[in-house]
Amino acid sequence: MSASYPIPGNKIRLTESFDAGFLEEPSFKAGSLDADGQIEQSISTPQQNAYSTNDQKAPAILSIKNFNVQAAGSTILKNINLEIPKGKITVLLGPSGCGKTTLLKCLNRLSDLHPSLKVNGKILIDGEDIFHPTQDLTKIRQKMGLLSQRPFPLPMSIYKNIAYGLKIKGIRDKKVIKEKVEKHLKDVGLWEEVKDRLHGPAARLSIGQQQRLCLARGLAVGPEIILADEPTSALDPISSRKIEEEFLRLKEDYTLIVVTHILRQARRLADHIVFMYFGEVIEQGTPDEIFNHPKSDILKQYLQSGH
Amino acid sequence: MQNRKILEEKFFLWLMRLVTLSIILVFLFIMGIIIKKGFHAMTWEMISQEPKGGFYFGKGGGILNAIVGSLYLALGSTFFGLLLGLPVALGMNVHWITKTRFVGALRFLLDALWGVPSIVFGAFGFALMAYLGLRASLLAGIITVTLFIVPIFIRAFDEVLRTVPEGLMEAAYSLGANKTQIAFTVFFRQALPGFITAILLAFGRGIGDAASVLFTAGYTDHIPQTIQDPTATLPLAIFFQLSSPIPEVKARAYAAALILTIIILIISVVSRLSTRRFKKNIL
């Protein structure tokens, strides 16, 4: 377990952290290395520096184009160009602090809550730019359900947690709401556990149940995409497994984008993996390509040291 | 080394015990004095009647005028303080969350106002009365006390609202809620116990303050019939009776202090109990 890749958070720039000796096989970096063997111009042309494979047969539901995020002078995301395939699980993989979560939160514009974030570039969903100034935020956000690292049930009953999003959508019919609450609780396998205490506080559920409730709450607003930010990091292995199984089922009807730094989880879930490092997409491809035939040294290092 | 740590631990433990004990003793001492000096003057007449002729020379009557006047004044100004303060406190934490410099400046200003002595608010209220052409009245008292307690209410509630986890806010936003929905359904509910505490704090300051009502609310032996009548207040009732040389009147001052303390105690207990049932939903 001798990881020699620099620890994110130290804000070391790529060009400084790799000496020439580290890159023993410069051939795969053709065109982006200068005479000293340092990665210099590579960042300016993302198509060149990201090892993209054109294996994506599924049409893209989200297109991220030349997307940059800066905060207080430092770059958090650098020239991200991604196509998220529809009906698949896309895993954003990478060490903590590499910008995965920031990217995820930009997708439904939670980035608006942080005034220090400067965003430029485009993210298109169904051909519409998410960051367009006149964009209807409610509509955009209801196209995506968010599952965060820790469950945050709303301070109300289990029933109302799910009804909340429905009421925002303008659904007032009590019968419809009741049916939907039951359906989505069944979807996440929580119905049997909570059907007798639907009007009890959501905060009393176990943390694993809370996370599944949050998933059901997100599904209730009828999203196309589910955004999951390390959704199992606070959960025990059994609860984690339930969430993962749920994700594999949900793939039938939804597109999932899952952030994780756990290699085994990526292997279990992913149809498509995007490896990120220091705010850049380093490599992307199928799990087979990423795990069995990694091309970049950074990814090789990450795979060696990971678990 | 190990010995020193144990000694340190023991020292601070005993220090804490000593300080806690002395605070409790001081509190008991205060209560004891009020009860001892005021208890024999605490009669049914005291809380059920207005002052009769010669009340301030030790003759019959009570301080119902001050009790009712204080309640009117404190309830009225707490109500208006809430009306003004609630949108500001929620706005500071939800609507203006990206305007960090503005919110920071606002917090600083409110903290400064919190620290301004109430006599300054009294003087300001007095000037305002002259400007608006008001006499010393319940209305002028309510306006002044409202201004005095608004910063207290906002900052006390604001501090609790700031503890609402960011993830909860993000969760509500990602369900498509707008800012106002989030303010009232998520932030307000989550911070409800803090909201009650903030009201209590504002109410307690409002009912107990003498300086801000000295010029603005006036003093009278009658219960105010309209909002433009002057009104008596408990703190001023205590003040006037305590400055009397007659022992019976002095004793009544302590009885009035006891009544004021009991009112605050009742309101605290009732509101604590009523929040308990809301607390269950909080994360």
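Nothing here was measured: the structure is a model prediction, and the numbers come from that model. Side chains included, hydrogens not; waters and symmetry mates left out as well; all remaining heavy atoms used. Proteins come first, then strands; the chains are lettered A, B, ... in the order of their sequence lines, and each starts at number 1.
- Closest approach of A:Phe152 and B:Ala171 over heavy atoms only: O-CB, 4.1 Å.
- Taken to the nearest 0.5 Å, the CG atom of B:Asn178 stands 6.0 Å off from the OG1 atom of A:Thr138.
- Sparse packing is recorded around NZ of A:Lys86, with 12 or fewer heavy atoms of other residues, nucleotides or ligands lying under 6.0 Å away.
- For A:Phe247, the CZ atom counts as densely surrounded, since its 6.0 Å shell holds more than 12 non-hydrogen atoms of other residues, nucleotides or ligands.
- Remark: A:Lys143 NZ is packed, more than 12 non-hydrogen atoms of other residues, nucleotides or ligands lying under 6.0 Å away.
- By the 6.0 Å contact criterion, CZ on B:Phe124 is open, its count of non-hydrogen atoms from other residues, nucleotides or ligands being 12 or less.
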Could you go step by step and tell me if A:Tyr164 and B:Val186 meet the side chain to side chain contact (heavy atoms under 4.5 Å, CB included) rule? CA-CA 11 Å; A:Tyr164 189 77; B:Val186 178; 4.0 Å; yes

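- Counting heavy atoms from C-beta outward, B:Gln190 and A:Met156 have side chains that stay 4.5 Å or more apart.
- Rounding to the nearest 0.5 Å gives a distance of 11.5 Å between OG of B:Ser174 and CG of A:Leu137.
- A:Asp136 does not touch chain B: none of its heavy atoms, backbone or side chain, sits under 4.5 Å away.
- In this structure, the portion of A:Lys105 lying under 4.5 Å from any heavy atom of chain B is its side chain and not its backbone.
- Between B:Leu168 and A:Pro155, the closest side-chain pair of non-hydrogen atoms falls below 4.5 Å.
- Closest approach of B:Tyr173 to A:Leu113, counting heavy atoms only: CE1-CD2, 3.4 Å.
- Within 6.0 Å of the CZ atom in B:Arg101, the count of heavy atoms belonging to other residues, nucleotides or ligands does not exceed 12.
- The two residues B:Leu175 and A:Leu154 come nearest to each other via the heavy atoms CD1-CD1, 4.1 Å.
- Proximity to chain B (any heavy atom under 4.5 Å) is shown, for A:Arg217, by both the backbone and the side chain.
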